[in-house]
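Below, read A as the first sequence line, B as the second, and so on, with proteins coming before strands; counting in each chain starts at 1. Predicted, not measured: the structure shown is a model, and the values here were computed from it.
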Amino acid sequence: MPVNYEELKKDRAQEWRDQLRKSKGAKERSNIDRVKMPENPPLKRNRNFFEVNKGLSEKQAILEASRCIDCPTPTCISGCPVNINIPGFIKYIEKGDFLKSAEVLKQTNALPAICGRVCPQETQCEIKCIYNKMKKPPVAIGHLERFASDSERNSGNISIPKTAKKNNIKVAVIGSGPSGLTMAGEMVKLGYDVTVFEALHEYGGVLVYGIPEFRLPKEIVRTEIGVLEKMGVDFRKNIIVGKTITIEELKVEGYKGFYVSSGAGLPKFMNIPGENLIGIYSSNEYLTRVNLMKAFKFPEYDTPIVRGKHVAVLGGGNTAMDSVRTAKRLGAERAMIIYRRSEKEMPARIEEAHHAKEEGIEFMTLTNPIEYFGDSEGWVKSMRVQKMKLGELDDSGRRRPVPIAGSEYDIDVDIVVVGIGTAPNPIIPQSIPELEVTRWGTVVVDENTMQSSIPEIFAGGDIVRGGATVILAMGDGKIAAEHMHEYLSGK
Amino acid sequence: MYKIIEKEILSEHVVKLVIEGQAIAKSRKAGQFVIVKISEKGERIPLTIADADTQSGTITLIIQKVGTTTHKMFNLKKGDSIMDLVGPLGKATKIEKVGTVIAAGGGVGIAPLYPIAKALKEAGNKLIVILAARSKDLIILEKEMSAFADEIMIMTDDGSYGQKGLITTGIENIIKREKVNEVVAIGPAIMMKFVALLTQKYKIPTIVSLNTIMVDGTGMCGACRISVGGKTKFVCVDGPEFDAHQVDFDEMLKRLNAYKKEEEISYSNYQKEIG
Ligand SMILES: Cc1cc2nc3c(=O)[nH]c(=O)nc-3n(C[C@H](O)[C@H](O)[C@H](O)COP(=O)(O)OP(=O)(O)OC[C@H]3O[C@@H](n4cnc5c(N)ncnc54)[C@H](O)[C@@H]3O)c2cc1C
Ligand SMILES: Cc1cc2nc3c(=O)[nH]c(=O)nc-3n(C[C@H](O)[C@H](O)[C@H](O)COP(=O)(O)OP(=O)(O)OC[C@H]3O[C@@H](n4cnc5c(N)ncnc54)[C@H](O)[C@@H]3O)c2cc1C
Ligand code: SF4
Ligand code: SF4
Ligand code: FES
């Protein structure tokens, strides 16, 4: 999305901003050290599911906010997929007006408490901060975003965004992940009659079934959904569109526009011998049991999970990191990441890999599994791996891992979690044969409008991108809302 | 919340619940199932849609108590509600007119067999139903199935009702007696395994409906995976019905035991709780 620098200039020119800016020299500001997020100690937290990052204190937040020099042309904003007015919200923190700060965040981001926690800030907004040019660590935009929205939530004064007069046009959102929630919020603001359909028994998509409690407390997701409910969004769970009810039937019920945000929930396996032994989980199953079904509280909760002593997690992304840190918390003596490239190529957030290491996770890189062996009852007991080296660049621009002949060896394991990625959820595409999809199963859309090959159907998030980030999924929801509004009001 | 409109105890271990579920009642087909989660802290378990009434917007579930959740369901009362209910899941049975069909149900498999047997008869097949269980009190739906079956045969392990013996004996007797075009067998994995071995010998196409462990039921987790013809399949989306002669039953039997220890803990806690 293009940044509206005119608007930002006006905002920046306000009297109080000007005074605040002049209250400290740029030199003085840039000499302040970047704040350190208070964390629970690694060897304690790796035994529980409490949030790792404790959040900044007011004092810390105000000091960190004063590091931002309130650039006339803030480069940071271009790194944020939803173009948050970054200096705008940060300066309210410095001023001490946290509620106002949260209000600025919410102008462009419906879920700031979530993004402040899980966005890969280091590669999005923060990497574009001017401080990098000065060879200094960037302003901690993510930590401040979290601070402002947490303050608002804790104050009990959550602002409910204003909605336009109802236009009585019904719109269906399919899937309640970050993309669907954002789209629903935007449409309800415009006056539409929005219903969100969710297949599972809780709303939030990956935010509730994938990302663990110790990174994103579920309470926060629930609060955000509460805000949308207050704005008038109708939520319906336990409904699989395409199975329980079809889009055709929804049309008969009067729905005029559809937003498909059904995510990339299909697990990938490696298809190597022994993969169906017991004790081998997909990361989706492992995390769903623990997060959504609360298996870490078994037997208080009915859903069980097998707690392993030696747990190997395959993959190098956020999913793998979340799984391995979960395994450690479930009591594993040895919890290992097994990744076929080197640490440099790992797609996981740096913060997550760093936290994992602090918690005692072993990283076995340039290593690839080729076979599993089981005992007589069918439980996995060891895995054979092969050492790899990096070769030529592949399509993704990363160096391709190639096996080293004769380097095989066996590792004892009693639980394996396959976290090598997911594929698009096929239920919707299968139920609408005319919907155009790529050969990877992602829905084809016009990138500028998120409109699919069927005019009244828009799509976004992981079902279009095949696995991306929370904030990109949200960005898609905003674009789709804008253009669905154009489409529906133009008719 | 989904309200229980009717409850009927079919035997000491088996209960029939008629539950509100307008949308599911309308869209379901024979062979499909639902996932239920009865309360906040409950587990998600799969149950076949035994019947549905589009008029009243209800579905019928027939549940045999084997562990914590099924036991809790057995104890629910008319007027109580189930927290979560989602479906219909899985592929519908391919119902075709093939000639003579044996529908063989063992124990808990009798419930899921019912809607399929009914549909097979409606499609114009000659339908021979065999119901088998450990003992008399586990034989259910005999009256309901007799209403449309051309022939019905009962077998019990202990001889407390019908003929004494295993279901495979009953099936083999019929195969020897007349031409059978297809067998549909639903029951414990071990029973389905031996039926598959038997019908393979006679080269009779055989369908089984698999009851693997599930979580979401929508293809998201892979808990339900099994090998069919050497390839990994997800029972919840690729099944639940498969060609019996292609299924790796030994693998499935092992996978069903994944949570034996935890199930025992959970069940004994529940026993203590209810006294
Ligand atoms: C373990 C894990 C950790 C991650 N960590 C991070 C992170 O730290 N930072 C980050 O930015 N990103 C992270 N990601 C990626 C991010 O979560 C996703 O990109 C994002 O959630 C995609 O949002 P979405 O709305 O497109 O889909 P999802 O969040 O997948 O939501 C889709 C929803 O649609 C529902 N649904 C599917 N089909 C139907 C249907 N037919 N009818 C009704 N409902 C349906 C699903 O049940 C689900 O609730 C992580 C992903 C995982 C799996
Ligand atoms: C497609 C399908 C349809 C089914 N239809 C019926 C039906 O109509 N009536 C009926 O009584 N039963 C049916 N079942 C079996 C039923 O789901 C299990 O009996 C139930 O989950 C056991 O739960 P529990 O907590 O009572 O027992 P537990 O103590 O948890 O388990 C007892 C045994 O049931 C099996 N089991 C455990 N958890 C699951 C799970 N989540 N999913 C499947 N099996 C599990 C295991 O083999 C276990 O040893 C069906 C299963 C499937 C997959
Ligand atoms: S939403 Fe994400 S990318 Fe945008 S400013 Fe916040 S943390 Fe940075
Ligand atoms: S680039 Fe950095 S210093 Fe400049 S406005 Fe953005 S956050 Fe503040
Ligand atoms: S139950 Fe999860 S994939 Fe089948």
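For a residue to count as touching a neighbouring chain, one of its non-hydrogen atoms must lie under 4.5 Å from one of that chain's; by this rule B:Leu256 does not touch chain A. Using a 4.5 Å cut-off between heavy atoms, B:Phe234 touches chain A through its side chain atoms alone. With a threshold of 4.5 angstrom between heavy atoms, B:Tyr2 approaches chain A through side-chain atoms but not through N, CA, C or O. Within the 4.5 angstrom heavy-atom criterion, only backbone atoms of B:Ile226 (N, CA, C, O) approach chain A. Contact annotation for B:Leu85: only backbone heavy atoms (N, CA, C, O) come within less than 4.5 Å of a heavy atom of chain A. Proximity to chain A (any heavy atom under 4.5 Å) is restricted, for B:Lys26, to the side chain, taken from C-beta onward. Residue contact with chain B, scored on non-hydrogen atoms closer than 4.5 Å, involves the side chain of A:Phe269 exclusively. At a 4.5 Å heavy-atom cutoff, B:Arg28 makes no contact with chain A through either its backbone or its side chain.
A:Asp302 and B:Lys72 are joined by a salt bridge, as a carboxylate oxygen and a charged side-chain nitrogen come within less than 4.0 angstrom of each other.
Closest of all the heavy-atom pairs between B:Arg225 and A:Glu275 is NH2-O, 2.8 Å.
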Take B:Asp84 and A:Lys237 through the test side-chain contact (heavy atoms from CB on, under 4.5 Å) and record every step on the way to the result.
CA-CA 9 Å; B:Asp84 297 292; A:Lys237 59 183 181 171; 3.5 Å; yes

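Residues B:Thr232 and A:Asn276 bring a donor and an acceptor atom of their side chains to less than 3.5 Å of each other.
For the pair A:Ile305/B:Tyr259, no side-chain contact is recorded, criterion being any heavy-atom separation below 4.5 Å from C-beta on. Using a 4.5 Å cut-off on side-chain heavy atoms (C-beta onward), B:Lys41 and A:Thr303 make no contact.
Of all the listed residues (B:Gln32, B:Met83, B:Arg255), the one sharing the greatest number of non-hydrogen pairs under 4.5 Å with chain A is B:Arg255.
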